[in-house]
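One structure is given below, encoded as structure tokens.
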Amino acid sequence: MSASQVRVAVLGATGRMGRAVTRLAHEGGMKVVCAIGASDEGRDAGELAGVGTLGVPVVKHVSAIAHSGADVVVDFSTPAALAEASVVCAKSKIALVSGTTGLNENALAALADAHNLCAVLWEPNMSVGVHVLSMLVKRAVSALGPSFDIELVETHHRAKVDAPSGTAIRLAEVAREARGGEFVYGREGRPGPRRSEEIGVHAVRGGDVIGDHTVFLFGEGERIELTHRASSRDLFAHGALRAARWLAGRPAGRYTLAEVISSS
Ligand SMILES: NC(=O)C1=CN([C@@H]2O[C@H](COP(=O)(O)OP(=O)(O)OC[C@H]3O[C@@H](n4cnc5c(N)ncnc54)[C@H](OP(=O)(O)O)[C@@H]3O)[C@@H](O)[C@H]2O)C=CC1
Ligand SMILES: O=C(O)C1=N[C@H](C(=O)O)C[C@H](O)C1
């Protein structure tokens with residue numbers, strides 16, 4: 001769909017990502033028709049996002065999506081809110097783009113059910129740069145072979161509630177698919193010498209870091225470090241809105257950012 005035709009419901013509209021999504025959707029000519037947040041009920045979503053009054057008051061209930069006229073929901077919220085939205089989108093046949101991380105079994109099951117009834121795209125990282133990073137990781141891990149040790153370090157702002165980041169888990173999965181292995185989350189005590197099959201995953205939290213990911217590949221006498229650093233949340237919001245434009249109107253199914261990038 002062209003941007004001006006797409007009607008968007010923003011789930012998590014009062015949050016860091018949701019405000020960026022609302023602002024960039026509006027600036028990009030999309031119509032924000034619904035805004036959901038746990039607080040700030042009744043406040044205008046455009047004012048919260050710094051783009052002036054949009055006439056879209058924040059509502060608390062995810063069920064509002066059903067009657068909003070939205071073509072697509074863009075979600076950056078919590079696993080519980082995403083689980084609820086998956087059910088509403090599935091029933092109402094509304095497309096769902098979600099970047100929420102730290103998903104529990106309930107949210108994963110709700111998303112999996114929704115794939116059968118509406119178009120769903122869930123990605124732990126909506127940036128094109130991280131998409132390319134994961135291709136580089138796959139290639140480097142395969143080329144270097146088992147003599148190189150794989151460790152991942154992610155760094156995020158102090159307010160992040162899940163660890164390790166969804167992106168770090170995805171990158172670790174990419175490495176494991178390339179050559180097998182076993183995830184080790186942090187180390188403490190006396191774990192003994194590192195085993196070659198370990199894929200170490202480590203989370204650092206502090207300040208206002210938007211999101212850094214480094215994949216270390218340690219060999220004898222050399223190492224490779226593949227790093228992505230986000231310096232603005234806008235890149236994630238842009239990626240999610242690009243996906244939303246692409247996904248709106250598509251048949252039920254599970255879609256990926258890779259498909260969006262390769263075809264739009
Ligand atoms: N895939 C990607 O590219 C990215 C993913 N993320 C992920 O997105 C998620 C949100 O991140 P961020 O914006 O920083 O977090 P925030 O805490 O700033 O925002 C969370 C939003 O969810 C809302 N919310 C919480 N509970 C409910 C509920 N029960 N019903 C409706 N809304 C609810 C909050 O409302 P209120 O503020 O009113 O309490 C808020 O609007 C995280 O999982 C994060 O990891 C983040 C960046 C990029
Ligand atoms: O919570 C965040 O901020 C981010 N979360 C995502 C994740 O968990 O991977 C993506 C990004 O790094 C920012």
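Just follow the structure's listing: the first ligand is 1, and inside any ligand the first atom is 1. Just the heavy atoms: all of them, side chains too, but no hydrogens, waters or symmetry mates, feed the values below.
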Judged by non-hydrogen atoms, does [X] sit under 4.0 Å from ligand 1?
X      : result
Ala80  : no
Thr100 : yes
Arg19  : no

Does [X], backbone or side chain, put an N or O under 3.5 Å from an N or O of ligand 1?
X      : answer
Met126 : yes
Gly12  : yes
Glu123 : yes
Lys160 : yes
Gly37  : no
Lys60  : no
Arg16  : yes
Leu11  : no
Ile36  : no

Heavy-atom nearest neighbour in the protein, as seen from [atom], with distance rounded to 0.1 Å:
atom                    : result
atom 34 (C) of ligand 1 : Thr14 OG1, 3.9 Å
atom 8 (O) of ligand 2  : Lys160 NZ, 2.7 Å
atom 19 (O) of ligand 1 : Gly15 CA, 3.4 Å
atom 13 (O) of ligand 1 : Met17 N, 2.9 Å
atom 5 (C) of ligand 1  : Gly99 O, 2.9 Å
atom 25 (C) of ligand 1 : Thr78 CG2, 3.4 Å
atom 13 (C) of ligand 2 : His156 NE2, 3.5 Å
atom 9 (C) of ligand 1  : Ser77 O, 3.5 Å
atom 28 (C) of ligand 1 : Ala81 CB, 3.8 Å
atom 43 (O) of ligand 1 : Thr101 N, 3.0 Å
atom 7 (C) of ligand 2  : Gly166 N, 3.5 Å

Which residue from [options] reaches closest to [atom] through any of its heavy atoms?
atom                    : options                : value
atom 6 (C) of ligand 2  : Ala159, Pro124, Ala163 : Pro124
atom 35 (O) of ligand 1 : Ser39, Ala38, Gly239   : Ala38
atom 2 (C) of ligand 2  : Arg229, His157, Glu154 : His157

(request) Find the distance between CG (Leu152) and CZ (Phe183) and round it off to the nearest 0.5 Å. (result) 8.5 Å
(message) For ligand 2 and Arg233, I'd like to know whether there is a polar contact (N/O to N/O, distance under 3.5 Å).
(response) no
(message) Tell me whether Phe236 has any N or O atom under 3.5 angstrom from an N or O of ligand 2.
(response) no
(request) Work out which heavy atom in Ala159 is nearest to a heavy atom in Arg16; give both atom names and the distance. (result) CB-NH1, 3.6 Å
(request) Determine, using heavy atoms of Met17 and all atoms of ligand 2, whether some pair is separated by less than 4.0 Å. (result) no
(request) Take every heavy atom of Ile169, measure it against each atom of ligand 2, and state whether any distance is under 4.0 Å. (result) no
(message) Are there over 12 heavy-atom neighbours, none belonging to Lys93, within less than 6.0 Å of that residue's NZ?
(response) yes
Short list, please: which atoms of ligand 2 are under 4.0 Å from a heavy atom of [X]?
X      : value
His213 : 12 (O)
Thr167 : 7 (C), 9 (O), 10 (C)
Ile210 : 3 (O), 13 (C)

(request) Kindly determine whether Thr14 and Asp40 satisfy side chain to side chain donor-acceptor pair (under 3.5 Å), including the steps that lead there. (result) CA-CA 7 Å; Thr14 50; Asp40 284 315; 5.2 Å; no
(message) So if I apply the side-chain contact (heavy atoms from CB on, under 4.5 Å) rule between Trp122 and each of Leu96, Val97, Leu103, Asp75, which one comes out positive?
(response) Leu103
(request) Measure Phe76 to ligand 1 on non-hydrogen atoms and call it side chain, backbone, both or neither using the 4.0 Å cut-off. (result) both
(request) Please report the C-alpha distance between Ser165 and His213 in whole Å, then the side-chain angles of each, then the deciding distance to 0.1 Å, and finally whether the side chain to side chain donor-acceptor pair (under 3.5 Å) criterion is met. (result) CA-CA 9 Å; Ser165 69; His213 293 89; 2.8 Å; yes
(message) So Ser86 and Leu82, do their side chains get closer than 4.5 Å, heavy atoms only?
(response) yes
